[in-house]
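Below, each value reflects all heavy atoms present in this structure, side chains not excepted, and no hydrogens, waters or symmetry copies. The chains referred to below are lettered A, B, ... by the order of the sequence lines, with proteins before strands, and numbering in each begins at 1.
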Amino acid sequence: MTDETERPSDFIRDIIAEDVRAGKYKQIRTRFPPEPNGYLHIGHAKSICLNFGIAREFDGICNVRMDDTNPTKEEAEYVQSIMTDVHWLIDGWADKHVGGAPLYASDYFDRFYEYAVDLIRKGKAYVDDMSREDTDEYRRLGKASSFRERSVIESLDLFARMKAGEFPDGTRTLRAKIDMNAANVWLRDPVLYRIRHASHHRTGDKWCIYPMYDWAHTLSDYIEGITHSVCTLEFEVHRPLYDWILDALELPDPRPHQYEFARLNLTCSVISKRKLIQLVNEKLVKGWDDPRLVTISGLRRRGVTPSALRTFAYNIGITKYPSMTDMALLEHTMRDEFNRVATRRLAVLRPIKVVLTNYPEEKTEELDAINNPEEPKAGTRKIPFGRELYIERDDFMETPPPKFFRLRPGGEVRLKYAYIIKCDEVVKDAGGNVIELRCTVDLDSKSGGPTAGRKVKGTIHWVSAARAIDAKVRLYDRLFTVPEPDAAGDFKSFVNPDSLEVVNAKCEPALTDARPEKRYQFERLGYFAVDLDTTRENQVWNRTVTLRDTWAKEAKR
RNA sequence: UGCCUCGUGGUGUAACGGUAGCACUAGAGACUCUGAAUCUCUCUGUCUAGGUUCGAAUCCUAGCGAGGCAGCCA
């Protein structure tokens, strides 16, 4: 199941395949239309993979279009982050199918205006002088505005004066004249334009009237020659309006068609922009790219790869059912990829010192270690061994439970790629904390040696105390303690207090030249990536995901 | 309340009138110099009730349940 070769199948692609078969369009054209008012998240990734996936599968084009019709909410700085995230996700996969990057709905403001004038001339729109409150109330009641039957001439004049800036915010709107008794409220004369004396991030002060979503989005799709306009379920009730606009303007074919799919929900996380912004603003996380967040920038920083995200998007599918995807599926997708490609290294997260009492003081060895057992071509490396080592604190227990087969007093364990050792003595500080283990090493048991075959139940990782390098490692856990933090009550009260732990780790020297674009498995621990806080002096790592850990489950019993 | 949409194992999905399959999760075992990976096995499902049909997850009707919309946000 590589995301480069498989052709996913879902109800939207089925429709498109049928349209292609029927020769309905010269070329398939989709679009990804973010509003530049925040950072992209994993839900957007699903949409990007869908829209760009369609473009590459049907040899079409996908436009990135900023839906920037509300000057009070949108900012230019978001455009840059959006484009960075989009390219990170699609480059090398569907970047050959990018139409405009980026296009802007605001570039079409003149044409939107011309279309609006045309709609008034056709008697299908009018300027309404009602207040916001009355407009809402009348729409709820299905009651017509007293300005509804105003003449075309008057509406034309008023609309021109709205544009000229003669009226304050909120005093007038342009409304479509459809049907105040329609069962679908979006057909009860929806507002097309509102007055907003506000500076726009691209058009500056040129405009003081701005188009509403339905008007702008439908016409943007038409202007760009979009064939399949794919959006999420909440726009389903807008589709009749989408079609009405195209009809009312009597626009010639080919026309775009709107299709809707269910947005992504993920357990133990929040996805909505509104909630993400709260976590950021209230400093519950460190920023938009905090690796605990499911923003694209957060996932990237955490070490998730574009290909893993694409595979995930493929795995979850496209339906109209509002589902709840298990975070475990995302984690599995990462492990599945990283297991194949990650370079293996030894690192000790919570070190405890081991002294090998029968190993010569000055002696050191260079032992062979495999870089990736799943990929023989990755070769081997040397790791230094000596009298003093660090092992993982969790790999020793003074009074272990039944199925524990790591190191214990008087017990034996294999050091990966090295020797079998036996724990003779436990050294403690005044507070009773274990600070050192004194062990003897079975010198005949060296890996690859003649009597290496002796079996012990446990194998643990280690690093040479003399040659280890220091690193800070950030251990992330799920941001929320419950599967559905926004199901009931305040989602912020479910923030996991242990979602981040920072440890000072000891790493094997081969990690000195670790590269940010590479993925590493710290053996027996998980998959890790270099964080951007890394400097020449201080290495910082992020744990992307742990290895599956059946012992942890056993230990909990 | 009105309108729209959707109901397949714990979760996500497939089957387009003809053997309910796949993946994740969970559990059991094999193997193991990663308690990983790999391999084997197991548990669990068509919302309910009618109808059409030789045959229904699929078509029809009703009910039940869930989600969405009712901004001069998108």
P-based separation of B/C72 from B/G67 [nearest Å] = 25 Å

Between A/Phe159 and A/Tyr113, is the gap from one ring center to the other below 6.0 Å?
-> yes

Show the distances under 3.5 angstrom between N or O atoms of the protein and N or O atoms of nucleotides 56-61 of chain B.
none

Does A/Arg263 come within less than 4.0 Å of A/Glu234, counting only side-chain N to carboxylate O?
-> yes

Quickly work out the A/Arg406 CZ to B/A36 C1' distance and round it to whole Å.
-> 12 Å

Protein-nucleotide distance (A/Glu331, atom CD; B/G12, atom P), rounded to Å = 16 Å

How would nucleotides 66-74 of chain B be written as a contact map, 5' to 3', with B for base contact, S for sugar-phosphate-only contact and - for no contact, using protein heavy atoms under 4.0 Å?
-> --BSSSBBB

Under the 6.0 Å and 45° cation-pi test, does A/Arg345 pair with A/Tyr520?
-> no

Nearest non-hydrogen partners of A/Tyr126 and A/Ala176, listed with the distance = CE2-O, 3.9 Å

Would B/G65 be called syn or anti, given that syn covers angles within 90° of 0?
-> anti

Nucleic acid footprint by protein, nucleotides 14-19 of chain B - heavy-atom cut-off 4.0 Å, B for base, S for sugar-phosphate alone | S-B---

Do A/Glu260 and B/U5 have a side chain to base donor-acceptor pair shorter than 3.5 Å?
-> no

Does a salt bridge link A/Arg454 with A/Asp442, judged by any charged N lying under 4.0 Å from a carboxylate O?
-> yes

When you check the side-chain N and O atoms of A/Asn371 and A/Arg344, is any donor under 3.5 Å from an acceptor?
-> no

Short N-O contact, A/Arg148 and A/Asp189, less than 4.0 angstrom | yes

For RNA chain B, the expected dot-bracket line (Watson-Crick or G-U under 3.5 Å, [ ] crossing, | inter-strand) is (((((((..((((....[..)))).(((((.......)))))....(((((..]....))))))))))))....

Report yes or no: is the cationic atom of A/Lys416 (NZ for Lys, CZ for Arg) closer than 6.0 Å to the six-membered ring centre of A/Trp462, at no more than 45° off its axis?
-> no

Determine the contact category for A/Leu547: base if any of its heavy atoms lies under 4.0 Å from a base atom, sugar-phosphate if only primed atoms, P, OP1 or OP2 are that close, otherwise nothing.
-> base

Between A/Lys143 and A/Glu137, is the closest basic N to carboxylate O distance under 4.0 Å?
-> no

Flag the pair A/Lys320 and A/Glu236 as a salt bridge only when some basic side-chain nitrogen lies within less than 4.0 angstrom of an acidic carboxylate oxygen.
-> yes

Which whole number of Å gives the distance between the P atom of B/C69 and that of B/A37?
-> 40 Å

Within the structure shown, what part of the strands sits under 4.0 Å from A/Phe404 by heavy-atom distance: base, sugar-phosphate, or nothing?
-> base

Would A/Tyr138 and A/Glu133 satisfy side-chain hydrogen bond (donor to acceptor under 3.5 Å, both in side chains), going step by step from the backbone distance to the final call?
-> CA-CA 9 Å; A/Tyr138 279 41; A/Glu133 293 70 30; over 6 Å; no

For atom P, what is the distance between B/U42 and B/C47, given to the nearest Å?
-> 25 Å

Take A/Asn63 and A/Glu224, measure what side-chain hydrogen bond (donor to acceptor under 3.5 Å, both in side chains) needs, and give me the verdict at the end.
-> CA-CA 8 Å; A/Asn63 290 349; A/Glu224 292 178 8; 2.8 Å; yes

Answer yes or no: is there an ion pair linking A/Arg175 with A/Asp128, defined by an N-O contact shorter than 4.0 Å?
-> yes

Give every residue pair that meets the salt bridge (Lys or Arg N to Asp or Glu O under 4.0 Å) criterion with at least one member in residues 368-380 of chain A, sequence neighbours excluded.
-> A/Asp368-A/Lys382

Give A/Lys320 one of three labels, base, sugar-phosphate or nothing, depending on what nucleic acid heavy atoms sit under 4.0 Å from its own.
-> sugar-phosphate

Could you give the distance separating B/C24 and B/A62 at their P atoms, to the nearest angstrom?
-> 41 Å

A/Lys275 with A/Asp486: basic N within carboxylate O range, under 4.0 Å | yes

Taking the six-membered ring for Trp, is the centroid-to-centroid distance between A/Phe528 and A/Phe522 below 6.0 Å?
-> yes

Looking only at side chains, do A/His217 and A/Arg31 share a donor and an acceptor under 3.5 Å apart?
-> yes

Return the value, rounded to whole Å, for the distance between atom OH of A/Tyr527 and atom P of B/U34.
-> 13 Å

Could I get a table of every N or O pair under 3.5 Å where one atom is in the protein and the other is in nucleotides 24-32 of chain B?
| from | atom 1 | to | atom 2 | distance (Å) |
| --- | --- | --- | --- | --- |
| B/C24 | OP1 | A/His332 | NE2 | 3.4 |
| B/A26 | OP1 | A/Lys553 | NZ | 2.9 |
| B/G27 | OP1 | A/Arg557 | NH2 | 3.3 |

Whole-Å gap separating P (B/A36) and CZ (A/Arg344) = 13 Å

